[in-house]
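I have placed the structure first, in the form of structure tokens, so that the comments after it can refer back to it.
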Amino acid sequence: MTHTAFTLGTPRDMAKRVFIKTYGCQMNVYDSARMTDLLASQGFLAAETARDADLVVLNTCHIREKAAEKVYSELGMISRLKEAKARRGGRMIVAVAGCVAQAESAEVVRRAPCVDLVIGPQSYHRLPELIARALKGGGAAILDTSFPVVPKFDYLSKAKAPRGVTAFLTVQEGCDKFCSFCVVPYTRGAEYSRPVVQILAEASNFVRGGVREITLLGQNVNAYHGEGPDGKEWRLGALIRGLAELPDLERIRYTTSHPRDVDHELIDAHREVPKLMPSLHLPVQSGSDRILALMNRRHTVGDYRLVVERLRTARPDLALSTDLIVGHPGERDDDFQATLDFVEEIRFAQAFSFKYSPRPGTPAASASGQVPEAAKSERLAALQLLTAKQQREFNEACVGRELLVLLERPGRHEGQLVGRSPYLQSVHVAAAGELIGQIVPALISGASASSLSGSVTKVVRL
Ligand code: SAM
Ligand code: SF4
């Protein structure tokens with residue numbers, strides 16, 4: 001398939017400006033970057049704000065109700081900007097992309113008539129063609145939320161190198177697991193793994209552009225099973241080993257993983273591949289087997305414990321983070337207590353916890369035993385007290401240690417740079433700007449709830 005080039009006719013039109021606002025997960029961040037590349041190749045420059053833009057794209061998240069509602073309130077503001085621009089004789093195209101677009105499709109236009117274009121996550125490669133149609137059209141909104149057979153990556157992978165030191169790279173998309181509470185299988189579709197050759201080419205391109213750390217992304221990244229250059233199926237462990245051979249790529253991470261898909265190849269990679277960083281995000285969701293079964297997670301607390309034991313044997317300093325949901329339908333006080341006990345037992349370096357939010361069309365939304373809002377809030381507060389304490393303790397245990405820090409960007413204060421430790425903590429150090437992109441040893445002297453501070457002990461190379 002070829003897509004129509006985005007032609008607006010005159011050279012003056014080449015200076016159109018686009019503003020993309022990204023909500024939700026890192027996969028949306030990656031998608032927004034690819035949309036930016038694609039639109040730049042069509043002559044679009046980046047606008048600082050929606051006010052300055054001819055094209056506004058909201059790349060949305062539908063995972064919880066709050067995330068979706070934020071989009072509608074933003075659209076209210078954008079509608080006013082669009083009207084003001086029309087009064088000045090200009091034109092603004094408003095596009096809603098991402099998971100709200102996929103899940104709500106025509107409902108988006110019904111609730112926000114200012115929207116010209118609703119585009120699901122599998123159709124981004126068609127953006128130029130759809131924008132051209134919206135510009136030509138008589139004002140009716142265009143909806144494209146199909147799951148095309150030809151994957152978008154075939155069109156988007158000629159990505160430009162990102163500007164930073166670190167980059168996300170989507171290797172897997174979609175999910176076949178159908179957890180009771182989750183919209184992802186409906187918004188992102190079935191599991192798809194990109195071929196290894198395509199991923200290596202994109203990673204090499206990133207590295208040539210100065211990227212030193214790549215985080216491999218997927219809704220279920222460790223369900224990755226892409227076609228290898230040898231024609232065989234490669235799992236994530238093999239892909240990581242392949243990427244580790246790129247000479248100037250210093251660090252590899254991946255997220256988000258499912259406990260059921262942690263196989264021995266991946267565990268061996270944690271033991272044997274120095275470039276694979278010792279941090280892992282492994283959502284458990286609940287510490288109660290009864291709730292895990294209701295969630296259709298297809299693992300038990302015991303399974304999770306075993307996986308963690310094997311990972312920690314392979315890589316004893318592994319910093320483990322997780323996701324937890326409180327108040328899933330059917331959750332009783334004793335289930336919640338089991339979650340607290342399990343968190344206490346495993347000890348997480350970081351945890352993200354959420355109140356269960358019913359998502360239309362998912363099995364849990366219509367299940368009996370919905371938990372009252374007040375109980376959810378109470379449980380969330382108690383859980384977050386515990387996880388914040390564990391995070392602080394994990395950070396404090398780093399004080400006095402020398403950690404290798406990849407310096408990423410200037411800090412808030414003059415003469416300060418911010419980087420990441422191998423364990424994904426932010427580290428603030430006093431250092432000169434030209435060290436951005438370098439990995440330096442830093443002696444950690446301070447720890448707060450969410451970051452570390454220290455001083456560079458030696459510049460390894462310039
Ligand atoms: N694939 C990952 C996994 O298997 O756990 C999860 C990806 S999801 C985008 C990120 C997190 O959002 C989940 O781990 C879960 O904790 C949370 N989440 C998903 N649906 C939710 C809902 N309906 N209410 C509250 N939190 C939810
Ligand atoms: Fe959602 Fe993750 Fe479950 Fe898939 S495995 S349905 S993405 S929570």
Side-chain angles (χ1 to χ4, degrees), residues 22-31 59-69 98-100 102-103 121 168 170-193 215-224 236 254-262 280-288 291-299 303-304 307-308 320-331 336 339 342-343 348 350-367 370-371 373 375-377 379-380 383-384 387:
T22 310
Y23 298 79
C25 65
Q26 293 111 325
M27 298 195 64
N28 272 6
V29 175
Y30 173 87
D31 283 344
N59 192 7
T60 61
C61 171
H62 200 250
I63 200 81
R64 283 168 289 276
E65 192 182 354
K66 232 193 230 166
E69 284 309 313
C99 292
V100 171
Q102 190 65 43
F168 295 129
T170 296
V171 301
Q172 179 279 336
E173 194 160 0
C175 179
D176 297 338
K177 294 210 164 48
F178 290 91
C179 298
S180 62
F181 51 83
C182 183
V183 287
V184 168
Y186 311 95
T187 54
R188 292 276 174 165
E191 254 177 30
Y192 167 75
S193 296
T215 302
L216 307 177
L217 297 181
Q219 264 93 21
N220 262 290
V221 72
N222 60 336
Y224 177 83
L236 186 64
Y254 60 93
T255 196
T256 294
S257 299
H258 193 287
R260 266 179 77 94
D261 294 320
V262 179
L280 172 59
H281 187 63
L282 194 63
V284 65
Q285 312 297 358
S286 170
S288 155
I291 296 303
L292 288 175
L294 288 175
M295 286 177 164
N296 190 33
R297 285 290 289 178
R298 293 186 278 172
H299 65 81
D303 297 331
Y304 189 92
V307 166
V308 170
L320 195 64
S321 62
T322 201
D323 289 343
L324 296 150
I325 295 179
V326 298
H328 183 276
E331 188 186 74
F336 176 63
T339 297
F342 194 59
V343 170
F348 292 102
Q350 196 177 12
F352 302 89
S353 42
F354 313 99
K355 286 194 256 186
Y356 166 70
S357 166
R359 306 314 292 129
T362 59
S366 52
Q370 298 288 329
V371 175
E373 198 53 33
K376 286 188 205 171
S377 300
R379 288 175 192 173
L380 187 70
L383 181 58
Q384 289 186 340
T387 56

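Each ligand, and each atom within it, is numbered from 1 in the order the structure gives.
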Q. Relative to the heavy atoms of Asn220, which atoms of ligand 2 are at a distance of less than 4.0 Å?
A. 4 (Fe), 5 (S)
(Q) Can you tell whether the side chains of Lys355 and Glu373 come within less than 4.0 Å, N to carboxylate O? (A) yes
Q: Only heavy atoms count here, so choose which of Ile63, Asn28, Thr362 is nearest to atom 19 (C) of ligand 1.
A: Ile63
Q.
For atom 4 (O) of ligand 1, tell me which residue out of His328, Lys355, Arg297, Arg260 has the closest non-hydrogen atom.
A. Arg297
**Q.** Whether Glu173 side chain and Gln219 backbone form a donor-acceptor pair below 3.5 Å
**A.** no
Q) For ligand 2, is any non-hydrogen atom under 4.0 Å from Pro283's backbone (N, CA, C, O), its side chain (CB onward), both, or neither? A) neither
**Q.** Ala351 backbone acceptor or donor facing Thr387 side chain under 3.5 Å
**A.** no
Q) Using a heavy-atom cut-off of under 4.0 Å, does the side chain or the backbone of Pro283 touch ligand 1, or both, or neither? A) side chain
Q.
Using a 4.0 Å cutoff against the non-hydrogen atoms of Phe178, which atoms of ligand 2 qualify?
A. 6 (S)
Q) Crowded around Glu65 CD? As in, over 12 foreign heavy atoms under 6.0 Å? A) no
Q. Who pairs with Tyr254 by ring-ring contact (aromatic ring centres under 6.0 Å, His included), at least two apart in sequence or on another chain?
A. His270
Q: Tell me which part of Phe181 gets within contact of ligand 2: side chain, backbone, both or neither, using heavy atoms under 4.0 Å.
A: side chain
Q) Protein heavy atom under 4.0 angstrom of atom 17 (C) of ligand 1, is there one? A) yes
Q) Does Cys179 bring an N, O or S atom to within less than 2.8 Å of atom 3 (Fe) of ligand 2? A) yes
Q: Identify the protein heavy atom lying closest to atom 1 (N) of ligand 1, giving its residue, its atom name and the separation to 0.1 Å.
A: Gln219 O, 2.7 Å
Q.
Side chains of Gln384 and Ser353: any donor to acceptor distance under 3.5 Å?
A. yes
Q.
For Arg379, run the side chain to side chain contact (heavy atoms under 4.5 Å, CB included) check against Thr339, Ile325, Leu324, Val326 and tell me which one passes.
A. Val326
Q.
Distance check below 2.8 Å: does Cys175 bring an N, O or S atom to atom 4 (Fe) of ligand 2?
A. yes
Q: May I ask you to identify the nearest protein heavy atom to atom 1 (Fe) of ligand 2, giving residue, atom name and distance to one decimal place in Å?
A: Cys182 SG, 2.3 Å
Q. With a 4.0 Å heavy-atom cut-off (strictly under), which part of Thr256 contacts ligand 2: side chain, backbone, both or neither?
A. neither
Q. Hey, does Ser257 have a side-chain heavy atom less than 4.5 Å from the side chain of Leu280?
A. yes
Q: Could you check atom 27 (C) of ligand 1 against the protein and tell me its nearest heavy-atom contact, residue, atom and distance included?
A: Arg64 NH1, 3.4 Å
(Q) If we count only N and O atoms by modelled type, under 3.5 Å, do the side chains of His328 and Ser180 hold a donor and an acceptor together? (A) yes
Q) Quick one: which ligand 2 atoms are inside 4.0 Å of a heavy atom on His258? A) 5 (S)
Q | Test item: side-chain donor near acceptor, His299 and Arg297, under 3.5 Å | A | yes
Q. Side chain, backbone, both or neither: which part of Phe354 has a heavy atom under 4.0 Å from ligand 1?
A. side chain
Q: Provide, to 0.1 Å, the distance between atom 20 (N) of ligand 1 and the closest protein heavy atom, together with that atom's residue and name.
A: Phe181 CD1, 3.3 Å
Q. Can you list the ligand 2 atoms lying under 4.0 Å from a non-hydrogen atom of Pro185?
A. 6 (S)
Q: Measure His299 to ligand 1 on non-hydrogen atoms and call it side chain, backbone, both or neither using the 4.0 Å cut-off.
A: neither
Q) Nearest protein heavy-atom contact for atom 10 (C) of ligand 1: which residue, which atom, what distance? A) Asp323 OD2, 3.6 Å
Q.
For the backbone of Glu191 and the side chain of Asp176, can you confirm whether one donor and one acceptor N or O come within less than 3.5 Å of each other?
A. yes
Q | 4.0 Å heavy-atom contact, Arg297 with ligand 2 | A | yes
Q) Among protein heavy atoms, which lies nearest atom 22 (C) of ligand 1, and at what distance? A) Ser357 O, 3.6 Å
Q) Which ligand 1 atoms, with their elements, are less than 4.0 angstrom from a heavy-atom of His258? A) 4 (O)
Q) Do the charged groups of Arg64 and Asp323 touch, with an N to O distance under 4.0 Å? A) no
Q.
At less than 4.0 angstrom from any non-hydrogen atom of Thr256, what atoms of ligand 1 do you find?
A. 2 (C)
Q. Knowing that exactly one of Thr255, Thr256, Val29 qualifies, which makes a side chain to side chain contact (heavy atoms under 4.5 Å, CB included) with Leu217?
A. Thr255
Q: May I ask you to decide if Asn28's main-chain N or O and Thr22's side chain share a donor-acceptor pair within less than 3.5 Å?
A: no
Q.
Tell me the nearest of Gln285, Arg359, Lys376 to atom 5 (O) of ligand 1, using heavy-atom distances.
A. Gln285
Q | Donor-acceptor pair, side chain of Asp303 and main chain of Pro259, under 3.5 angstrom | A | no
